[in-house]
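Have a look at the structure below, then the notes.
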Amino acid sequence: MKVWDVIISGAGIIGVSLALELRERGAAVLVLDSREPGKEASSAAAGMLAASDPETPAKLRPLTYAGARLYPQFAGKLERLSGVQTDFRRGAIALLADATVPPEHRLLSAAELHQLEPAIRAGMHSAAIVENENSVDPDLLMQAALPAARAAGIEFRGQTAVQQMRATAGQIEVIAGKERFPARTAVNCQGAWSGAPVRPRKGQMLYLQPQKPGLLGRVLRTPEVYLVPRSSGKILVGATVEDVGFDKSVESEVIQDLHRCAARFVPQLASAATVSSWAGLRPGTPDDLPILGPTEIPGTFIASGHFRNGILLAPITARIMADLIAGKSPELDISAFSPARFANVTL
């Protein structure tokens, strides 16, 4: 039976990005997923690469900035390997509810805002441009990442739910139903399904199709709602944050509220048709920080709990975890994200 260098459980953007990084370093990698690869939170996300979001915890900022720096190269690599465009676009507008202006933001006058994004209603909040914030279409990103990984020689198995990773006879045995997969190392990248202390945080969102194509050119981030334009002409509107377990139901009143809120900031969206709505499950943790590092089982690791930043943090997480697996010190301090921080916490 083949012994894999690394088996990854979870074929979302974190697991697939790590698989690609490991493969580039020469590892034989198998990725298992309990569902169809790439069809859970990763493809359901908004795709804002908001490295300087004021809501980002201070301890996480070095990672978000590193992820943002890597993203143009990362997205370009996936597009080159797969032939699929990821709709990577630069720039964002932030509407600020108070007078505090983060250092990465530059305040705009009403005239400047109108020149940049004439569809946005001025005067509701102070407006600022955030040049270092970009966006990507997560669905297209996964459509690029999966064939890129397969072309690199990474093997995938869908509908293969991992129940256990255990150390045995000097290697790791990954158990999925009646199947056993031997490996030298295994990594839990199962997102909201990673197990305690990771828990699902539901987000509902929708796509609007405005009558005017190109209504927005940049992401619009406000305290109440965010809007993310796509090259298709659609505008994503999101999103709620709900602690309701693994419930992925979509509530019409929530979708209507998001639509109304979007129209407050971009009035032309009031008449835009809702073409789809959905809910995704983000992997949250008690302190809203990811979990990166070795587990208590020798030879096994976890990379999960990225909450709202999974898309953004995928390339830097891949580098960090590949270094850890190789026994190297990561380029960034990740002590705040150690799995051990929850060892003695009652959850």
Side-chain angles (χ1 to χ4, degrees), residues 1-20 22-23 27-45 138-139 142-143 145-147 149-150 154-169 171-203 244-249 278-285 290-307 310 314 317-318 321 325 339 342 347:
M1 182 179 293
K2 180 174 181 177
V3 178
W4 301 89
D5 293 321
V6 184
I7 292 178
I8 296 171
S9 177
I13 193 60
I14 296 295
V16 176
S17 300
L18 174 56
L20 273 165
L22 290 166
R23 185 71 189 123
V29 185
L30 171 64
V31 182
L32 307 176
D33 197 276
S34 60
R35 299 163 185 81
E36 184 181 351
K39 292 300 183 182
E40 279 295 340
S42 295
S43 58
D139 187 46
M142 290 307 304
Q143 290 183 40
L146 289 166
R150 290 188 174 104
I154 297 163
E155 185 173 335
F156 288 83
R157 290 277 300 270
Q159 310 303 322
T160 307
V162 171
Q163 285 92 37
Q164 188 180 2
M165 298 175 179
R166 66 186 185 190
T168 175
Q171 61 186 25
I172 302 301
E173 186 176 57
V174 178
I175 301 171
K178 296 181 179 180
E179 295 187 88
R180 304 289 188 269
F181 300 92
R184 295 179 177 86
T185 303
V187 190
N188 179 350
C189 296
Q190 296 181 62
W193 291 265
S194 296
V198 179
R199 65 186 189 276
R201 307 288 297 280
K202 177 181 173 181
V244 291
F246 290 94
D247 173 19
K248 290 175 62 179
S249 60
W278 67 97
L281 300 177
R282 312 176 187 92
T285 64
I291 304 175
L292 307 174
T295 76
E296 70 280 1
I297 303 170
T300 69
F301 296 80
I302 182 170
S304 187
H306 292 77
F307 192 29
T317 296
M321 295 306 300
I325 290 167
F342 295 117
L347 302 169

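Note that this is a predicted model, so its numbers are computed, not measured.
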About how many Å separate [atom2] of [Y] and [atom1] of [X], when rounded to the nearest 0.5 Å?
X: Leu32; Y: Trp4; atom1: CG; atom2: CH2; result: 9.0 Å
X: Ile13; Y: Met142; atom1: CD1; atom2: CE; result: 5.0 Å
X: Asp5; Y: Ile325; atom1: CG; atom2: CD1; result: 10.0 Å
X: Phe156; Y: Arg150; atom1: CZ; atom2: CZ; result: 5.5 Å
X: Gln164; Y: Ile297; atom1: CD; atom2: CD1; result: 7.0 Å
X: Glu179; Y: Thr160; atom1: CD; atom2: OG1; result: 6.0 Å

Please lay out, stage by stage, how Val174 and Ser9 fare under the test side chain to side chain contact (heavy atoms under 4.5 Å, CB included). CA-CA 9 Å; Val174 178; Ser9 177; 5.8 Å; no
Is it true that a side-chain atom of Lys248 and a backbone atom of Trp278 form a donor plus acceptor pair closer than 3.5 Å? no
Is it the case that the side chain of Ser304 and the backbone of Gly191 share a donor-acceptor pair, with hydrogens and angles ignored and the cut-off at 3.5 Å? yes
Is there a side-chain contact between [X] and [Y] (heavy atoms, below 4.5 Å)?
X: Ile291; Y: Phe342; answer: yes
X: Thr300; Y: Asn188; answer: no
X: Leu281; Y: Trp193; answer: yes
X: Gln190; Y: Pro283; answer: no
X: Met165; Y: Ile7; answer: no
X: Pro290; Y: Thr317; answer: no

Taking all atoms of both residues into account, what is the closest heavy-atom pair of [X] and [Y], and its distance?
X: Ala44; Y: Gly280; value: CB-CA, 4.2 Å
X: Ile302; Y: Pro339; value: CG2-CG, 3.6 Å
X: Cys189; Y: Ser194; value: C-OG, 4.4 Å
X: Pro138; Y: Ala45; value: CG-O, 3.3 Å
X: Pro37; Y: Leu146; value: O-CD1, 3.5 Å
X: Ala11; Y: Val31; value: CB-CG1, 3.8 Å

Which pairs count as side chain to side chain donor-acceptor pair (under 3.5 Å) when at least one residue sits in residues 29-38, sequence neighbours excluded? Arg35-Glu40
Partners meeting side chain to side chain donor-acceptor pair (under 3.5 Å) with Gln171 (sequence neighbours left out): none
